[in-house]
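Throughout, a chain's letter reflects where its sequence line sits, starting with A, and its residues are numbered from 1.
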Amino acid sequence: MAQSHAHDDHAHGDHHEEGWFLKYFWSTDHKMIAKQYLLTGMALGVIGAYFAYVFRMQLAFPNKPVPGYGLVTGSDYNALVTNHGAIMIFWVAMPVLIAAFGNFLIPLMVGCDDMVFPRLNRLSYQIFLISAIVLVSSFFVEGGAFGGAWTAYPPLSAKAEYNLTPLGPTLWLAAVALEFVAFLLGGINFVTTAMNSRAPGMRALDLPMAVWMIVIASILFMCSVGPLIAGAVMLMFDQTIGTGFFDPDRGGDPVLWQHLFWFFGHPEVYVVLLPPLGFVAEIITTFSRKRLFAYKTVLYTTIGTGILSFFVWAHHQFIAGVDPRMSNVFSVTTVLISIPIAELCFVYIATLYAGSISFRVPMLWALAFIAEFLVGGVTGIFLGASGADIYFHDTYFVVAHFHYTFFPIAIIGTFAGVTYWYPKMFGRHMDETLGKIHFWVTIAGFNGIFIPLFILGAAGDHRRIFDYSNFPELASPELQAMRVFATVSLLVMLAVQPLFAWNFFRNMWKGKVAEANPWNANTLEWQCPSPPPHGNFNPMPEVYRGPYEYSQPGRADDFWPQNSPT
Amino acid sequence: MVKPLATLRSATGVPTGRLAVWWVIASEIVIFGGLLGSYLLHRLGHPEWATYASHTNTWAGAFNTLVLLTSSLSAVLGHKAAEAGDGKKAAKMLMFTCLGGLTFLVVKGFEWTYEIQHGYTITANGFWSFYYTAAGLHGLHVIAGCIIMLFVAADARKNKELQRVELIGIYWHFVDLVWIFLFPLLYIAK
Amino acid sequence: MSSNADPHGHEHTADHAGHHTDYVKIWGILVVLLVVSVTGPMLEIRIITLLTAFGIAVVKAFLVAKYFMHLDIEKTFVVKLLVVCLGLMMLFFAATAPDIMKHWGANWRNESAKNANIPEVHHEAGGEPAAAHGEAAPAHGEAAPAHGEAPAH
Amino acid sequence: MIESFILQASSYASQIDALIWLIVIITGVWFFAAEGIFFWLLWRFRARPGGAPARYIDDHEEHVLKYKWIEIPHRLILVCDVVLIIGAITVWSDIKLSMPATDETVRITAQQWAWTFQHVGPDGQMDTEDDIVSIDEMHIQVGKTYKFELMAKDVLHSFSVPVFRLKQDAIPGRVITGWFQPTITGEFDVQCAEICGIGHGIMPARLYVETPEAHAAWLANPTHYLAYKF
C-alpha cells in the first residue's frame with residue numbers, strides 16, 4: 001500500500017484537502033512539525049558548519065583572507081566561535097534530536113494518533129523558528145554578533161564597553177531565552193504524550209528505549225533550565241537596564257552566573273546525549289536481530305545518569321574561582337558519573353553478542369556512534385579529575401573531548417536516525433552506496449580533525465585564540481602543521497556533505513518506494529503505512545509484548561511486532 | 001479542531017490536562033527557585049541589604065498576601081463548582097479570582113510608583129534589582145494567569161471544558177505559593 | 001511511571017468529587033497565620049522574626065498545596081516530582097553558597113563584596129539622615145540614590 | 001604523557017604529569033578493552049550468507065552474562081575510579097588548597113588585554129617605594145617559591161603558564177592566591193585562558209626565570225623597566 005508522498009489520502013476521519021500553506025507551515029500534525037524541526041535544524045547546521053570552516057581556515061592560515069568570508073579579525077573570530085558553539089548545541093542538536101525525532105517517533109512508537117496538544121506543538125516550533133531568526137539577525141546588527149563564548153560569562157557579556165558589541169549580546173540572549181521557552185512547551189508535550197497516551201496493553205517496560213530516552217531527556221531539560229532562565233532575565237537586565245546582578249563593583253557576583261549556567265549546562269549535555277542513545281538502541285537491535293541486552297539495566301543506568309548529572313556541574317569551574325574545597329567534591333561526583341555511562345556502553349556492546357549483524361548504513365552510523373563516543377567518554381576522565389584539569393582546562397584538549405562526545409551525538413546520531421527512519425518519514429529509500437561513501441569519508445574526516453586537536457591541547461594550545469603567532473612556544477612549525485592537517489580534514493569532511501544532501505532531498509521523490517516495514521523491526525511505527533497518514537494507525541494498535549523480541553526460538557520469521565496478537 | 005485520541009487516554013491515571021499542568025508547575029518551581037535562591041545567596045552574604053529592605057512597605061505586602069489568599073479560595077471554590085457541573089458558578093468564581101489578581105496588581109502599582117519616586121529604582125542597588133526582578137516576574141505570572149482565566153471562564157459559562165477550571169486553579173495556587181515565600185523574603189526580613 | 005494501563009481512563013477522573021474539605025475554614029487559618037507572620041517580626045526579636053515570617057510561610061505553603069491543590073489525593077509520582085524540583089533548588093543553593101554567600105575561602109577572598117559589607121552606620125546610601133528602623137518615614141534628601149557599592153577597587 | 005609535548009618547569013609539573021600518566025594507563029586499558037571486544041563481536045557475529053541466525057538470549061542466560069560482562073566490569077571501574085579520585089584530590093590539594101612557606105610575593109593584575117606584574121623589589125616588601133612594576137614581563141629567580149596574588153580589573157581572565165602547569169582564573173572583585181616554584185631557567189609563554197573580548201588572542205606575556213645573578217642584575221637596575229609607584 002505504497003502511498004506517494006505528495007498526496008495524503010487516508011481513511012481516518014474526513015479531512016478536507018488543506019492548502020499548500022496550511023499543510024506545510026500551519027500544520028498541527030506531529031509528523032509535519034517533526035519535518036519542520038528537522039529541516040530548520042539542518043539549515044542551521046549548515047550555518048554552524050560554515051562558521052567552523054571559516055575559523056578553522058583562520059587557524060590554519062592565520063591572517064590570510066578566507067575564501068567565502070574575507071579577513072577574520074579578532075572580534076570576527078570570537079563571534080564565529082561563540083555562535084558555532086551556541087548554534088550547534090541549541091539550534092542543531094536539540095531541535096533535530098529531541099524535537100524532530102521526538103515529535104515523529106513518540107506518537108508512532110506509543111501507538112496513538114498525535115501529540116496530546118497539537119496546537120501547543122505547532123506554537124513551540126514557531127517560537128523556535130523566531131529564536132533562530134533572532135539569533136541569525138544578531139550577525140547583521142551594528143557592532144556585530146556576540147563574541148563572549150557560548151557560556152556568555154559576565155562581566156564580558158554584561159557590559160558593552162567590555163565586549164564592544166552593543167546589540168549582539170542582548171539579541172543572542174533573547175534568542176537563547178526564546179529557544180528555552182520553545183523546548184519547555186515541546187517538552188511538556190513529549191512527556192505527557194509518552195506518559196499518558198500509551199496504546200492499550202503497553203506497560204511502561206514495553207516502551208521502546210528511544211521513547212524512554214527522549215522523555216528522560218525532556219525531564220532533565222525542564223528540571224535544569226529554570227535557574228538559567230532566571231539567570232538570563234538577570235543578565236538581560238544587566239545588559240539593558242544597568243542593574244548590577246553580575247557586576248562585582250555593585251554587589252553582584254560573576255561566579256553566580258557560572259553556577260546558574262553550568263547547573264543547566266551539564267544536565268544539558270545529557271539532554272542531547274540520551275536521544276541518540278535511544279536511536280542507537282533501536283538500530284543495533286534491529287540490524288543484529290537481537291533483543292536489547294538487559295533492558296532494565298539500560299533504563300535504570302539512564303535514570304541514574306540523569307540524577308547524577310545534577311551533582312557534577314562545577315567541574316567546568318574547577319579553576320574558575322570556585323572554592324577549591326568544593327572542586328574536590330565535584331571531582332568525586334564527576335569521576336563517579338563515568339560508571340553508569342560506561343555500564344550503558346557495555347550493555348550496548350553486549351547486545352551485539354550472538355547476533356547476526358548486517359552492516360546497512362543506519363547500522364554503520366550506530367556502531368560508529370558507540371566507537372567514537374567511547375573516545376569522548378574516556379577523555380572526559382582527564383578533565384573530571386581536578387588535578388589534571390588544572391593543565392587541561394580551556395585548552396584544545398577540552399575542545400577535542402567535547403567534540404568526541406557532541407559530534408557522535410549531533411552528527412553521527414542524527415545521520416543514524418535519519419537513515420533509519422527515512423523510509424518511514426518520506427515513504428522512499430535513500431541510496432545505499434551513496435550512504436556508505438558519505439559515512440566513511442565523514443568518519444575519516446572527523447577523526448582527522450580532532451585527534452590532532454588532542455595533541456595540540458596537550459602541547460598547550462588555548463581555546464578561542466585566533467592567532468598563535470604571538471606565542472613563541474605555540475608558533476612552532478610542527479604544531480602549525482597539525483592545525484593545517486585538522487583544517488584539511490575538515491574540508492574533506494565538509495566536501496562530502498553535499499553528497500548526503502543530494503541523497504536526502506532527491507530520494508524524497510525519486511527514491512525506491514518503501515514498504516511499511518523495510519527493516520523488519522518490531523516497534524509500532526513500522527506497523528503503519530510509510531509515510532503514515534494523518535491519524536497514523538487504522539485501527540489503533542494494541543500491544544502484546546516488548547519492543548525487542550527478535551529471533552524468538554520456534555518462530556518462522558526472526559521478528560515479532562509488538563502489536564501482532566499471535 | 002477535533003481533539004486527538006491521545007488526549008483522552010490516561011495511562012497514568014492522571015488526566016492529560018492536569019499532568020501537563022503539573023509539568024508546568026515543576027518547571028516554574030525551578031525558575032522561581034533559581035531566582036529566589038540567587039536572591040537569598042546575596043541577601044545572606046550582604047547584611048547591609050537589610051537597611052535597604054527597610055524601605056519596603058510591609059503593609060502593602062501583607063494586604064497583597066491577603067488578596068492572593070482570598071483569590072486562591074475563590075479559585076478552589078470555582079473548581080468545586082466545576083466538579084459539580086455548575087459552569088455558571090465556576091465562571092463567577094473565576095471572575096472573582098481574576099478581580100483578586102487585578103487588585104494585587106493595582107496595589108503593586110501604587111507601591112512601586114511610591115518607591116520609584118523616592119529613588120529606589122531597579123538600578124539603585126543589589127537589593128532593589130532583585131526586588132523588582134522577582135516581584136516583576138511574579139507579577140507577569142499573575143497577569144498571564146488572569147488572561148487565561150478569562151478564556152477558561154468564558155468556556156465554563158457555557159459548561160464546556162469544565163476540567164480546565166481545575167487546571168487554571170492549580171496554576172493560580174502556585175502563583176499564590178510563590179508570593180507566600182516572596183512576601184517574607186522581600187518585605188519582612190529587615 | 002505507575003503502569004496501571006486502564007485503556008480508556010475517563011477524561012475527568014471522579015476521585016475528587018467525594019471530597020468536601022471546608023475551604024473557607026482553610027482560608028480562615030491562612031489569614032490568621034498571615035496576621036501572625038506580620039505581627040511577629042514587629043517584636044524585633046530575630047529568632048521570633050525568623051520563626052514567624054519563614055516558619056509560617058512554609059506552613060501556609062503546605063496548607064495551600066495540600067487542600068487547595070489537592071496534592072493529598074493526587075498520584076504520588078506528581079508529589080515526588082515537585083519535591084525533587086525543590087530538592088534540586090536546595091542542592092543548587094548548598095553548592096553555590098560557599099562561593100556567593102561567603103566572601104572568603106581557601107586561597108581566595110572576595111574584596112569587592114567584603115568592602116560592601118561595612119554596614120553604613122546610621123546613614124543610608126546617599127547620605128540622607130538615618131531612617132529610623134521600621135518606621136516608614138519617607139526618606140527625603142536628594143532623590144538620586146548613590147550606588148550602594150564599595151569604593152571602586 | 002604530555003612531558004613529551006611540553007617542558008616541566010615548575011616543582012609540581014611532574015606531579016600533574018604523573019597523575020595524567022595514571023589516568024592514561026587506567027582509561028587506556030578500559031578503552032582498548034571495550035573497543036577490542038566491540039570490534040571482535042562485530043567481526044565474529046557478522047551476518048554471513050548461510051551463516052548462523054541470531055540466537056535469542058533468554059532471561060536466565062542474560063542474567064548470567066550480565067553478571068559476567070556488566071557487574072564485574074562495573075565493580076572494577078569503581079575501583080579504578082576510587083584510585084583516580086585519590087590521585088586527583090591529592091594533586092589538587094597540594095597545588096590549590098595548600099600554601100607552603102613562600103619566599104616572595106608577586107601581584108598579578110589582568111586587564112583587557114595586558115598583564116601587570118608587581119615585584120617586591122630589592123627590599124623584599126610589597127607596596128614599598130622600590131617595587132618594580134612591569135607590563136607583560138615577569139622576572140623571577142629559579143628555585144625560589146613564589147606566592148602570587150591574582151586580580152582582574154574588568155572582565156574574567158585566566159593566568160596560565162603551560163610549562164608550570166599553572167592556571168588560575170582572575171575574577172574582578174576577587175583576590176585569588178596560589179604558589180609556584182620554578183625549577184629551570186628560561187623564557188616562557190604566559191597565556192590568557194579565559195575569553196576576555198577582542199584582544200584575548202593578543203595578550204601574551206613573557207616569563208623570565210633567571211639565575212640568582214641575572215635576577216640580582218635585573219633587580220639592581222630596574223630603570224630598564226617601568227618602575228613607578230603603584
pair Leu35(B)-Met234(A): side-chain heavy atoms closer than 4.5 Å: yes
[atom1] of [X] to [atom2] of [Y]: how many Å apart, nearest 0.5 Å?
| X | Y | atom1 | atom2 | result |
| --- | --- | --- | --- | --- |
| Asn125(B) | Arg250(A) | CG | CZ | 8.5 Å |
| Trp257(A) | Ser38(B) | CH2 | OG | 11.0 Å |
| Thr243(A) | Ile122(B) | OG1 | CD1 | 6.0 Å |
| Ser129(B) | Asp247(A) | OG | CG | 10.0 Å |
| Leu256(A) | Leu41(B) | CG | CG | 6.5 Å |

Closest non-hydrogen atom pair between [X] and [Y], with its separation:
| X | Y | result |
| --- | --- | --- |
| Asn196(A) | Val14(B) | ND2-O, 2.8 Å |
| Asp113(A) | Ala6(B) | OD1-N, 3.2 Å |
| Val116(A) | Thr7(B) | O-OG1, 3.3 Å |
| Ala230(A) | Gly34(B) | CB-C, 4.1 Å |
| Val110(A) | Arg9(B) | O-NH1, 4.4 Å |
| His42(B) | Phe245(A) | NE2-O, 4.3 Å |

Side chain to side chain contact (heavy atoms under 4.5 Å, CB included) assessment of Thr16(B) paired with Phe117(A): CA-CA 9 Å; Thr16(B) 307; Phe117(A) 306 113; 4.0 Å; yes
Heavy-atom proximity to chain A below 4.5 Å, by part of Phe130(B): both
Region of Ala26(B) that comes under 4.5 Å of a non-hydrogen atom in chain A: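 No part of Ala26(B) comes within 4.5 Å of chain A.
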Test side chain to side chain contact (heavy atoms under 4.5 Å, CB included) applied to Val30(B) and Val225(A), step by step: CA-CA 8 Å; Val30(B) 185; Val225(A) 79; over 6 Å; no
Residue Phe96(B) excluded, over 12 heavy atoms near CZ under 6.0 Å: no
Partner of Trp23(B) under side-chain contact (heavy atoms from CB on, under 4.5 Å), chosen from Asn189(A), Ile219(A), Leu184(A): Ile219(A)
Check: Pro4(B) main-chain N/O paired with Asp114(A) side-chain donor or acceptor under 3.5 Å: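 Such a contact is absent between Asp114(A) side chain and Pro4(B) backbone.
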Proximal component of Ile241(A), with respect to chain B [non-hydrogen, under 4.5 Å]: both
Interface residue of largest heavy-atom contact number with chain B, from Cys223(A), Gly244(A), Ser197(A), Gly187(A), under 4.5 Å: Ser197(A)
